[in-house]
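First up is the structure itself, then whatever we jot down about it.
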Amino acid sequence: MRWSQAFIPTLRDDPTDAEAASHRLLVRGGYIRQLMSGVYSLLPLGYRVRTKVIAIIREELDAIGGQELLLPAMHPREIWEKTGRIEAMADILFTLSDLRGGDAILGPTHEEIFATVATELTSYKQLPQLWYQIQTKFRDEARPKSGLLRVREFTMKDSYSFDVDTSGLDEQFDRHFAAYNRIFERLGVTAVAVEASSGAMGGSDSIEFIVPSPAGEDDIAHCPACGYAANVERASSRIPAIDDEPGPDQPQRFPTPDVRTIVDLVEFEGGASADRQIKTLVYVLDGEPTLVLLRGDHELHEQKLQDGTGAIDIRPGQPDEILELLGADAGSLGAVGVSGPRILADLQLADRTNMVTGANLNDHHIRGVDVDRDIAVTDWLDLRTVVAGEGCPECGEALEVFRGIEAGHIFKLGTKFSETLGATVLNADGVPVPLVMGSYGIGVERNMAAVVEMNYDDDGIVWPVSVAPYEVVITAVKIDDEATMTVANRLYDDLNDAGIDVLIDDRDERPGVKFNDAELIGIPYRVTVGPRGLANDIVELADRRSGEKTELQIEDAAEEVAALVAGSRFPVSSLQSPVPR
RNA sequence: CGGGACGUAGCGCAGCUUGGUAGCGCGCAUCGUUCGGGACGAUGAGGUCGCCGGUUCAAAUCCGGCCGUCCCGACCA
């Protein structure tokens, strides 16, 4: 491509509304433009990167036996009603109506539709099957942000596996795990495999691939000693047990004027340290008011509450609901003697004695509470948020917590979708059994952004060769110098002939502008052709990542650059991803 | 959804407090000089001041409503 004819609208200034590095650089570099909140146009450079990312994903999926198909983006409402996800995913579904007044939805994911297609499978002899597509998804995210990192319309590679039993599923899951690791390695990002919550997908097991980055939105608990890694939505930890002093035979109510918070009660004369308090929260789970109990110094993780109860709609109780349920306002709540609503307690409260909690009478608390004796706990659940420094659940070493981008997610779904949608096959005994499904997703544009988040410097993007829009840029320093243009054009032709993606900067611009643009858009190799070098029969090769410059003899340049590029197309990563357990 | 901010030329911004027919930098076009790390001079093109309504002789500016965008939080396969 000749830069003089290319549409590469680079900007001199940073866009003010871009915070994340990838957002800022992709806009400035002329890769993307926003059309509306969470919806982006990919300009020629962006589209080239996307194409390369997709090619890598496709190769690795094909390598594990995937068959590519393309299902519709628009779905009938009825299928989503059958599986109940019309409610479970209601808050992100784009819906629309057709001329007959029928309802359709724009697919946020395709388990339902793939399972519907899979009803045509009839025999275990046809299994296993691995189907995938690369297609547009629509999710009406409440808060799109950070450029391509969190959008409402995006491309996803989603694959679905169909097996006759769970051992078959396990195999396909492991194959995807390996394929995903190869994909991230080739994209030039570190992705850490972590245990994750399955959320609205349901199913037994899921693993997320997290690219560590401050621009991410997931918090990961990680053990540097043994490699344990889990999303805090799901992570557990070891913490020291508390030695309770013996309490009285009966809980005792006492006045606590103006005490509203855990900290108030810590500071109150006759109060208690936070780890000796019971925090009582009121949540409404699918319309049902529910008490949620945690140790005073622990924080609830709502995803754990959702996963632990299976509730779809979950929200904190309103002040009036709380008052009606317990007869007191937040700040004086407790579960002692409460019998109506469900009472969910965090595991760390088990066997605790001599605790302090609210009395369900404003400005009063109760001390001497024995959890087993005094509170009618309905369910014991792991509800608290793991914090850095707590002990690894596997080996006890201190956990670290880091932030990252969810670049991929793989799920063992089981038979949830196949049962509801009637996707069964006959097994070897002639008995109909539901297909055992897995589903596996990787977001294309989000991964483009993740690559940038991990590969940039003060001058711009530093693409890995594997996904760079162009592998080489030839910078012609002086376009009205005949010798310069002859050499530059010949090099351009030779590299094109060698199958290299090459951009020649033949614009009538000053060299500084050309160098800066080349660095901003992040082309891995730059060959500078100009009178100064030609006087010595050389051109100059610059490595974007290292900044290193080497001189090449004119006659060898094309061959050397082509060899260099070919050798760096498949980066061998030295990065290690912790093995999932 | 709660909180905060913003919306004026392709991009980045000023002007608004105190109403009087819109300005700066970059970019763009033409010419000249220059040109191996974001050149200089001259000339020029380009704007429904987010939208609707109100106040006023007069609204980018004051008032009301709406729309849009970003940030924090909530939420999120």
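By convention in this document, chain letters (A, B, ...) are assigned in the order of the sequence lines, proteins followed by strands, and residues within each chain are numbered from 1. Atom set for the values below is all heavy atoms of this structure, side chains included, hydrogens, waters and symmetry mates excluded. As the structure is a computational prediction, the values presented were derived from the model and not from experiment.
- Pair check for B:rG47 finds none; no Watson-Crick or G-U wobble contact set falls under 3.5 Å.
- Positionally, the nearest nucleotide of RNA chain B for A:His23 lies more toward the 5' end than for the other of A:His23 and A:Glu217.
- In this structure, B:rU33 forms a base pair with B:rA39, meeting either the Watson-Crick or the G-U wobble geometry with both donor-acceptor distances under 3.5 Å.
- Straight-line distance between the P atoms of B:rC26 and B:rC40: roughly 8 Å, to the nearest whole Å.
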Study note, to complete from the structure: Expected string for nucleotides 38-47 of chain B under the B/S/- scheme (protein heavy atoms, under 4.0 Å, primed atoms plus P, OP1, OP2 as sugar-phosphate) is BB--------
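- Across all strands, A:Asp480 comes closer than 4.0 Å to base atoms (heavy-atom distances).
- Residue contacts shown for A:Thr475 are absent, as no nucleic acid heavy atom lies under 4.0 Å away.
- For B:rU8 and B:rU48, the P atoms lie 12 Å apart once the distance is rounded to whole Å.
- In a base pair of the Watson-Crick type (N1 to N3 plus N6-O4 or O6-N4) or a G-U wobble (N1-O2 and O6-N3), with each distance short of 3.5 Å, B:rG19 is matched with no nucleotide.
- For the pair A:Lys137 and A:Phe154, the cation-pi test (distance below 6.0 Å, angle within 45°) is failed.
- Using atom C1' as the reference point in both B:rA14 and B:rG47, the two lie 15 Å apart (nearest Å).
- Along RNA chain B, the nucleotide nearest to A:Arg526 and the one nearest to A:Ile92 differ in position, and the one closer to the 5' end is contacted by A:Arg526.
- B:rG10 is paired with B:rC26 under the Watson-Crick or G-U wobble criterion, all donor-acceptor distances under 3.5 Å.
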Review point. Hey, mind stepping through A:Tyr40 and A:His23 against side-chain hydrogen bond (donor to acceptor under 3.5 Å, both in side chains) and telling me if it holds?
Key: CA-CA 11 Å; A:Tyr40 284 82; A:His23 185 193; 3.2 Å; yes
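- Look at A:Arg384 and A:Asp382 and you find no salt bridge, because none of the NZ, NE, NH1 or NH2 atoms lies under 4.0 Å from a carboxylate O.
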**Study point:** Trace of the side-chain hydrogen bond (donor to acceptor under 3.5 Å, both in side chains) decision for A:Arg2 with A:Asn489
**Key:** CA-CA 10 Å; A:Arg2 295 191 167 271; A:Asn489 282 324; 2.8 Å; yes
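- A:Gly441 comes within contact range of no nucleotide atom at all, as no heavy-atom separation falls under 4.0 Å.
- Base pairing analysis places B:rC62 opposite B:rG54; the two distances defining the Watson-Crick or G-U wobble pair are each below 3.5 Å.
- Across all strands, A:Thr484 comes closer than 4.0 Å to no nucleic acid atom at all (heavy-atom distances).
- Aromatic ring centroids of A:Trp463 and A:Tyr470 lie 6.0 Å or more apart.
- Between A:Gln172 and A:Phe162, the shortest heavy-atom distance links the atoms NE2-O, 3.8 Å.
- Annotation: B:rA60 and B:rC51 have their P atoms spaced 11 Å apart (nearest Å).
- Comparing atom distances between the A:Ala142 side chain and each of B:rG37, B:rA74, B:rG25 picks out B:rA74 as nearest.
- When the nucleotides B:rG37, B:rC72, B:rU69 are ranked by their closest atom to the side chain of A:Arg143, B:rC72 comes out on top.
- Across B:rA39 and B:rG3, the matching P atoms stand 48 Å from one another, rounded to whole Å.
- Among the nucleotides B:rC13, B:rC70, B:rC71, the one closest to the side chain of A:Thr16 is B:rC13.
- B:rG73 is paired with B:rC1 under the criterion used here, namely a Watson-Crick or G-U wobble arrangement in which both key atom distances are under 3.5 Å.
- Residue A:Glu19 is in sugar-phosphate contact alone, with no base atom involved, counting any heavy-atom pair closer than 4.0 Å across all strands shown.
- The gap from the P atom of B:rG65 to that of B:rG20 amounts to 25 Å, rounded to the nearest Å.
- Here A:Phe184 and A:Phe209 bring their ring centres to under 6.0 angstrom of each other.
- Base contact: A:Pro108 has a heavy atom under 4.0 Å from a base atom.
- Closest to the side chain of A:Phe515, from the set B:rA74, B:rC70, B:rG37, is B:rG37.
- For A:Glu548 and A:Thr550, the side-chain atoms include no donor-acceptor pair closer than 3.5 Å.
- Note on A:Gln306: only backbone sugar-phosphate atoms sit closer than 4.0 angstrom, heavy atoms only; bases stay farther off.
- Listed nucleotides B:rG37, B:rC70, B:rC72 differ in distance to A:Lys145; the shortest reach to its side chain belongs to B:rC72.
- Residue-to-nucleotide contacts include a donor-acceptor pair under 3.5 Å from the side chain of A:Glu519 to the base of B:rG37.
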Point to revise | Audit row: A:Trp80, A:His75, side chain to side chain contact (heavy atoms under 4.5 Å, CB included) steps and yes/no | key: CA-CA 8 Å; A:Trp80 284 80; A:His75 307 168; 3.1 Å; yes
